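The model shown is predicted, which means the values in this text are computed figures rather than measured ones.
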Amino acid sequence: MTNQQLQLIESLRHALHQCPEVSGRETRTEALLQQFLRAHTTLELQPCGEGFYAAHREKNASKPAIALRADYDALATLDGGAAHLCGHDGHAASLCAVGLMLEGKIVGRNVFLLFQPAEETGAGAAPCCELFEKESVAEIYGAHNLPGFPEGEIYTRPGTFACASRGVTLRFQGAPTHAAYPENGKNPALAVGKLLCALPELASPAHFAGMTLCTVIGAELGEKAFGAACAKAEVWLTLRSEHNADLDALRTAVLGCAKALAEEAALDFSFEEQDVFPATENTPTCAEKVCSLCHGKTLEAPMRWSEDFGHYLLHIPGSFFGVGAGETHAPLHTKDYEYPDCLLEPTANAFWAMIQGA
């Protein structure tokens with residue numbers, strides 16, 4: 001990448017940082033990315049799912065087509081706004097850098113730069129899978145910055161790179177009564193208490209092949225009205241696992257236990273799931289390509305966080321990899337985090353290496 005190109009990309013990253021938008025509402029962000037690509041490249045822009053892709057096509061391409069993906073949504077903040085506290089502004093800018101690098105080049109293959117919204121909720125990737133059949137894509141690669149790792153170093157691993165997870169809301173509905181006559185109502189408090197006590201055993205490592213967690217996010221029982229007994233309750237959990245099969249098993253166990261406790265107490269039971277992420281399970285040969293072509297290192301264990309790139313890997317081969325953001329850099333999803341501009345070039349270079357590979 002030339003110095004002029006790097007300056008353009010840094011300016012783009014700063015512009016993206018100033019217009020953060022939450023998942024599903026990234027209208028200004030998408031417009032800014034497309035405006036940049038139209039102004040500085042001749043890439044063909046096409047809609048894809050709720051996002052878009054930029055196509056580099058060659059008439060005599062001899063190597064299989066690949067896709068490179070970046071996300072561009074921001075995190076919701078407690079004040080009702082949004083902020084780029086996960087580095088998606090940098091991810092999108094880095095992929096635009098690849099667009100600049102492709103301009104006027106013959107690389108022997110068709111390349112599709114996939115810009116995806118709504119990663120934070122897990123809703124953005126699945127609709128974009130239409131790209132693979134439409135453009136005969138053979139492999140896909142994606143990257144995420146990694147605070148806590150040496151700056152600019154590439155990391156990946158065969159198999160699970162990032163864990164599967166899903167949020168679960170459990171609802172227990174009883175019957176109201178005056179607090180002086182609890183026997184006349186149906187109070188879910190005991191059922192909720194039993195469930196919370198049962199969760200550690202349900203998520204015990206003895207039951208699963210890999211790391212599995214059931215994290216209590218919160219619970220809400222009744223109302224602060226001392227004359228009325230509790231009649232309804234909710235429990236909010238995040239289920240997380242290294243393997244999709246283990247997450248399915250944990251889900252079955254938790255829902256089964258909750259339903260049984262509700263029936264025991266004559267309560268109505270329902271549940272809702274949100275933020276569903278499959279495990280990001282890298283194709284071993286593709287992970288090996290990343291290590292070979294990018295001088296990457298192998299992670300010993302998967303990242304515990306989730307990433308909706310896993311949806312893509314359910315359809316075609318590929319690999320997700322990380323780029324170290326510095327061992328002392330602020331962690332993701334914290335108020336002090338901001339994507340470091342020094343990662344723009346190594347991230348773009350890693351993508352370029354995948355384009356140049358076999």
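Residues R251 and V168 fail the side-chain proximity criterion, which asks for heavy atoms closer than 4.5 Å. Within the 4.5 Å cutoff, the side chain of N110 has no heavy atoms near those of the E135 side chain. The side-chain heavy atoms of L114 and C128, taken from C-beta on, include a pair separated by under 4.5 Å. Using a 4.5 Å cut-off on side-chain heavy atoms (C-beta onward), M101 and N349 make contact. Between F172 and F269 the shortest side-chain heavy-atom distance falls below 4.5 Å. Side-chain contact between E242 and R304 is absent, with no heavy-atom pair separated by less than 4.5 Å. Side-chain atoms of N145 and Y337, non-hydrogen and from C-beta on, do get closer than 4.5 Å to each other. Between F112 and L68, the closest side-chain pair of non-hydrogen atoms is not below 4.5 Å.
From T252, atom OG1 reaches atom CG of D248 across 6.5 Å, with rounding to the nearest 0.5 Å. Between the CG atom in L102 and the CD1 atom in I355 there is a gap of 4.5 Å [rounded to 0.5 Å]. Taken to the nearest 0.5 Å, the CD atom of E234 stands 8.0 Å off from the OG atom of S270. Interatomic distance, L267 CG to K232 NZ, rounded to the nearest 0.5 Å: 14.0 Å. Here the straight-line distance linking atom OG1 of T347 with atom CD1 of I9 works out to 11.5 Å at 0.5 Å rounding. Distance check: N60 CG to I106 CD1 gives 8.5 Å after rounding to the nearest 0.5 Å.
Residues passing the side chain to side chain donor-acceptor pair (under 3.5 Å) test with H56, sequence neighbours excluded: E58. Residues satisfying the side chain to side chain donor-acceptor pair (under 3.5 Å) test with W305, not counting sequence neighbours, are none. For D71, the salt bridge (charged side-chain N to carboxylate O under 4.0 Å, His left out) test picks out R69, with sequence neighbours left out. By the side chain to side chain donor-acceptor pair (under 3.5 Å) test, S165 is found to be paired with S306, residues two or more places apart in sequence or in another chain being considered. By the side chain to side chain donor-acceptor pair (under 3.5 Å) test, E272 pairs with R171, sequence neighbours left out.
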Checklist entry - For I140 and F132, what are the C-alpha separation, side-chain angles and deciding distance, and is it a side-chain contact (heavy atoms from CB on, under 4.5 Å)? => result CA-CA 9 Å; I140 186 166; F132 307 143; 3.8 Å; yes
Next on the checklist: With ring pair (Phe, Tyr, Trp, His ring centres under 6.0 Å) as the criterion, how do H91 and H88 come out once you've worked through the C-alpha distance, each side chain's angles and the decisive distance to 0.1 Å?
Outcome noted: CA-CA 5 Å; H91 300 165; H88 296 185; 5.4 Å; yes
Next on the checklist: As a quick check of understanding, evaluate side-chain contact (heavy atoms from CB on, under 4.5 Å) for L250 and V254, giving each step before the final call.
Outcome noted: CA-CA 6 Å; L250 178 61; V254 169; 4.0 Å; yes
What side-chain donor-acceptor pairs closer than 3.5 Å can you find for residues 287-303, not counting sequence neighbours?
{"from": "K289", "atom 1": "NZ", "to": "E139", "atom 2": "OE1", "distance (Å)": "3.1"}
{"from": "K289", "atom 1": "NZ", "to": "E139", "atom 2": "OE2", "distance (Å)": "3.0"}
{"from": "K289", "atom 1": "NZ", "to": "A358", "atom 2": "O", "distance (Å)": "3.4"}

Exercise answer: donor-acceptor pairs, residues 321-334 side-chain atoms, under 3.5 Å, sequence neighbours excluded:
{"from": "H329", "atom 1": "NE2", "to": "E338", "atom 2": "O", "distance (Å)": "2.9"}
{"from": "T334", "atom 1": "OG1", "to": "P331", "atom 2": "O", "distance (Å)": "2.7"}

Residues 146-156 side chain polar contacts: donor-acceptor under 3.5 Å, at least two apart:
{"from": "T156", "atom 1": "OG1", "to": "N282", "atom 2": "ND2", "distance (Å)": "3.1"}
{"from": "T156", "atom 1": "OG1", "to": "S319", "atom 2": "OG", "distance (Å)": "3.3"}
{"from": "T156", "atom 1": "OG1", "to": "F320", "atom 2": "O", "distance (Å)": "2.7"}

Sequence neighbours left out, cut at 3.5 Å: what donor-acceptor pairs do the side chains of residues 209-229 make with other protein atoms?
{"from": "T212", "atom 1": "OG1", "to": "G210", "atom 2": "O", "distance (Å)": "3.1"}
{"from": "T212", "atom 1": "OG1", "to": "S241", "atom 2": "OG", "distance (Å)": "3.2"}

Anything under 3.5 Å between a donor and an acceptor, one on a side chain of residues 182-203, the other on a protein residue two or more places apart or in another chain? List them.
{"from": "N187", "atom 1": "OD1", "to": "A189", "atom 2": "N", "distance (Å)": "2.9"}
{"from": "K194", "atom 1": "NZ", "to": "E264", "atom 2": "OE2", "distance (Å)": "2.8"}
{"from": "E201", "atom 1": "OE2", "to": "H207", "atom 2": "NE2", "distance (Å)": "2.9"}

In a table with atom names and distances, give each donor-acceptor pair under 3.5 Å that connects a side chain of residues 32-47 to protein atoms at least two apart or in another chain.
{"from": "Q34", "atom 1": "OE1", "to": "R38", "atom 2": "NH1", "distance (Å)": "3.4"}
{"from": "Q34", "atom 1": "NE2", "to": "E30", "atom 2": "OE2", "distance (Å)": "3.4"}
{"from": "T41", "atom 1": "OG1", "to": "L37", "atom 2": "O", "distance (Å)": "2.7"}
{"from": "T41", "atom 1": "OG1", "to": "L43", "atom 2": "N", "distance (Å)": "3.2"}
{"from": "T42", "atom 1": "OG1", "to": "E103", "atom 2": "OE1", "distance (Å)": "3.4"}
{"from": "T42", "atom 1": "OG1", "to": "E103", "atom 2": "OE2", "distance (Å)": "2.8"}
{"from": "E44", "atom 1": "OE1", "to": "R57", "atom 2": "NE", "distance (Å)": "2.9"}
{"from": "E44", "atom 1": "OE2", "to": "Q46", "atom 2": "NE2", "distance (Å)": "2.8"}
{"from": "E44", "atom 1": "OE2", "to": "R57", "atom 2": "NH2", "distance (Å)": "3.1"}

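At least one donor-acceptor pair under 3.5 Å links the side chain of R109 to the backbone N or O of G357. Judged purely by atom type and a 3.5 angstrom limit, E21 uses its side chain to pair as donor or acceptor with the backbone of R28. In this structure, K63 contributes its side chain and Q356 its backbone to a donor-acceptor pair below 3.5 Å. The closest donor-acceptor contact from the side chain of H243 to the backbone of A245 lies at 3.5 Å or more, if one exists at all. The closest donor-acceptor contact from the side chain of Q18 to the backbone of L16 lies at 3.5 Å or more, if one exists at all. A donor-acceptor distance shorter than 3.5 angstrom exists from the side chain of E26 to the backbone of A118, with no hydrogens or angles considered. Checked by atom type and distance alone, the side chain of T160 never pairs as donor or acceptor with a backbone atom of A162 at under 3.5 Å.
In summary, the side chains of S23 and E119 do not present any donor paired with an acceptor at a separation below 3.5 Å, with no hydrogens or angles considered. Residues D73 and Q116 bring no donor and acceptor atom of their side chains to less than 3.5 Å of each other.
No single ILVMFWY cluster, assembled from side-chain heavy atoms under 4.5 Å apart, contains both F309 and F277. Clustering ILVMFWY residues whenever any of their side-chain heavy atoms sit less than 4.5 angstrom apart, transitively, puts V22 in a cluster other than the one holding Y339. The hydrophobic cluster containing L255 does not contain W236, counting ILVMFWY residues as joined when their side-chain heavy atoms lie under 4.5 angstrom apart, directly or transitively. With hydrophobic clusters built from ILVMFWY side chains whose heavy atoms lie under 4.5 angstrom apart, L247 does not share a cluster with F161. In the hydrophobic clustering of this structure, V276 does not group with L237; members are Ile, Leu, Val, Met, Phe, Trp, Tyr whose side-chain heavy atoms approach within less than 4.5 Å, directly or through other members.
Summarising the geometry of P117 relative to F115, their closest heavy-atom pair is CD-O, 4.0 Å, with the distance given to 0.1 Å. The two residues A82 and P20 have their closest heavy-atom pair at O-CG, 3.3 Å. The minimum heavy-atom distance linking E345 with L6 is given by the pair OE1-CD2, 4.0 Å. A pairwise comparison of heavy atoms in A258 and L170 identifies CB-CD1, 4.1 Å as the closest pair. Between P127 and G124 the shortest heavy-atom distance is CD-O, 3.4 Å.
For D79, the CG atom counts as densely surrounded, since its 6.0 Å shell holds more than 12 non-hydrogen atoms of other residues, nucleotides or ligands.
Chaining together hydrophobic side chains whose heavy atoms lie under 4.5 Å apart places L85 alongside L75.
Using a cut-off of 4.0 Å between Lys/Arg side-chain N and Asp/Glu carboxylate O, D341 and R13 are scored as salt-bridged.
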